[in-house]
Amino acid sequence: LSLVLLSCSKEETETDTTMSTPFVSDGTYKLTAAIQTVYYSNGTLYGSYTYSISHDSSVTPGYLALEMEWKGSGVYRITSKGKATLSASGLDDTTIDCTTNAIDDVTLDTDGNVTNETAIQTGCGGGSSSITTVSSKWTPISGGFTYYVVGKDSDSNEYQVTYTFQKAT
């Protein structure tokens, strides 16, 4: 099993309304939770997994984080930085290493759906994934936001991952 990683939405979708005001304030947000649910291609549940997160304090800023910067017209510039290992029972550990920062301009519609993503700088390993992102969505919560990603592999199995980020203090 694989984890749908951060900043992997490359598809463009049609939308009539782009976000006009920021859904979160500019700043740095720390990864605090991750949950993955996997379905077979026939829709049967394979499993649901809650990850424990171990941040690497030796990599700036000492935890895995997203730096959010509102550019206007629905666009956030998002910098992924830091490093963390995600672990869940029954799955291989997954390390997200953004020692080399990834920078993306992400366009959102009024509901927080990603409609376009432009890579400014490749980072976080920058490797190819066996999972193709189908959709992704950003949703504000108290003190931060969630990032929800749906991906599919070559066998059309579906991976749904929700990352939770809280504003760093």
Side-chain angles (χ1 to χ4, degrees), residues 1-11 23-40 43-69 76-104 106 108 111-114 117 119 122-153 155-169:
L1 283 179
S2 300
L3 182 70
V4 182
L5 298 180
L6 300 168
S7 299
C8 56
S9 297
K10 301 301 180 188
E11 79 286 351
F23 77 97
V24 292
S25 59
D26 287 3
T28 300
Y29 293 80
K30 178 181 180 179
L31 178 67
T32 57
I35 299 172
Q36 177 171 231
T37 305
V38 183
Y39 295 91
Y40 288 111
T44 303
L45 176 67
Y46 178 92
S48 185
Y49 308 92
T50 299
Y51 288 89
S52 61
I53 302 169
S54 299
H55 294 280
D56 188 335
S57 60
S58 70
V59 178
T60 303
Y63 47 85
L64 186 68
L66 298 182
E67 184 177 320
M68 309 291 288
E69 180 187 1
Y76 270 96
R77 177 157 292 181
I78 302 175
T79 301
S80 306
K81 53 188 179 178
K83 182 178 180 180
T85 299
L86 281 62
S87 306
S89 179
L91 299 180
D92 292 337
D93 290 356
T94 298
T95 297
I96 303 175
D97 186 353
C98 299
T99 302
T100 299
N101 296 350
I103 304 174
D104 298 276
V106 177
L108 307 179
D111 295 320
N113 297 299
V114 175
E117 181 168 341
T122 302
C124 301
S128 60
S129 172
S130 60
I131 300 174
T132 300
T133 299
V134 176
S135 64
S136 53
K137 182 174 182 176
W138 303 78
T139 303
I141 59 172
S142 178
F145 56 86
T146 62
Y147 176 51
Y148 174 71
V149 191
V150 178
K152 289 193 175 182
D153 64 19
D155 295 321
S156 294
N157 301 311
E158 185 171 279
Y159 302 77
Q160 301 177 4
V161 184
T162 300
Y163 297 97
T164 301
F165 291 85
Q166 294 288 326
K167 193 158 192 179
T169 54

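Keep in mind that this is a model prediction, so the values were computed, not measured.
- In this structure, Lys167 and Asp26 approach most closely via the heavy-atom pair NZ-O, 3.0 Å.
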Next on the checklist: Evaluate Phe165 against Thr146 for side chain to side chain contact (heavy atoms under 4.5 Å, CB included), listing each step before the verdict.
Outcome noted: CA-CA 6 Å; Phe165 291 85; Thr146 62; over 6 Å; no

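- Between the side chain of His55 and the backbone N or O of Ala84, no donor-acceptor pair lies under 3.5 Å.
- The side chain to side chain contact (heavy atoms under 4.5 Å, CB included) test applied to Ser48 returns Ile35, Thr37, not counting sequence neighbours.
- Annotation: salt bridge (charged side-chain N to carboxylate O under 4.0 Å, His left out) contacts of Glu67 (sequence neighbours excluded): Lys81.
- The OG atom of Ser25 lies 12.5 Å from the CD atom of Glu69; values are rounded to the nearest 0.5 Å.
- No side-chain heavy atom of Tyr39 sits under 4.5 Å from any side-chain heavy atom of Thr44.
- One finds the CZ atom of Phe23 at 7.5 Å from the OG1 atom of Thr139 (value rounded to the nearest 0.5 Å).
- Listed by chain and residue number, nothing satisfies the side chain to side chain contact (heavy atoms under 4.5 Å, CB included) test with Ser142 (two or more places apart in sequence, or in another chain).
- Remark: Asp56 pairs with Ser58, Val59, Lys83 by the side chain to side chain contact (heavy atoms under 4.5 Å, CB included) rule, at least two apart or across chains.
- Every residue meeting the side chain to side chain donor-acceptor pair (under 3.5 Å) condition with Thr99, not counting sequence neighbours, appears here in chain and number order: Asp97.
- Checking side-chain atoms of Tyr163 against main-chain N and O of Thr32 turns up no donor-acceptor pair under 3.5 Å.
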Checklist entry - Can Trp138 and Val106 be said to form a side chain to side chain contact (heavy atoms under 4.5 Å, CB included), step by step? => result CA-CA 11 Å; Trp138 303 78; Val106 177; 4.2 Å; yes

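- Every side chain to side chain donor-acceptor pair (under 3.5 Å) that Asp153 has, sequence neighbours left out, goes to Asn157, Tyr159.
- Between Thr162 and Tyr148, the closest heavy-atom pair is OG1-CD1, 3.3 Å.
- Scanning all heavy atoms of the two residues, the minimum distance from Tyr49 to Ser89 falls at CD2-O, 3.9 Å.
- In this structure, CD on Glu158 lies 5.5 Å from NZ on Lys152, to the nearest 0.5 angstrom.
- In this structure Thr85 satisfies the side chain to side chain contact (heavy atoms under 4.5 Å, CB included) test together with Ser87, Asp93, Thr95, sequence neighbours excluded.
- In terms of heavy atoms, Leu66 sits closest to Ser80 at CD2-OG, 3.2 Å.
- For Tyr63, the side chain to side chain donor-acceptor pair (under 3.5 Å) test picks out no residue, with sequence neighbours left out.
- Summarising the geometry of Gln160 relative to Val150, their closest heavy-atom pair is CG-CG2, 4.2 Å, with the distance given to 0.1 Å.
- Looking only at side-chain heavy atoms (C-beta outward), Val149 and Thr133 come within less than 4.5 Å of each other.
- The shortest distance between side-chain heavy atoms of Ile78 and Tyr147 does not fall below 4.5 Å.
- In terms of the ring-ring contact (aromatic ring centres under 6.0 Å, His included) criterion, residue partners of Tyr29 (sequence neighbours excluded) are, by chain and number, Phe145.
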Checklist entry - Step by step, would you call Leu108 with Val114 a side chain to side chain contact (heavy atoms under 4.5 Å, CB included)? => result CA-CA 5 Å; Leu108 307 179; Val114 175; 3.8 Å; yes

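- Within the model, atoms CG of Leu86 and CG of Leu31 stand 6.0 Å from one another, a figure rounded to the nearest 0.5 Å.
- One distance of note links CD1 of Ile103 with SG of Cys124; it measures 10.0 Å at 0.5 Å rounding.
- Take Asn101 and apply the side chain to side chain donor-acceptor pair (under 3.5 Å) test, not counting sequence neighbours, and it matches no residue.
- Considering all non-hydrogen atoms of both residues, Ile53 and Ala33 come closest at CD1-N, 3.4 Å.
- A 4.5 Å side-chain heavy-atom check between Tyr51 and Leu91 finds at least one atom pair inside the cut-off.
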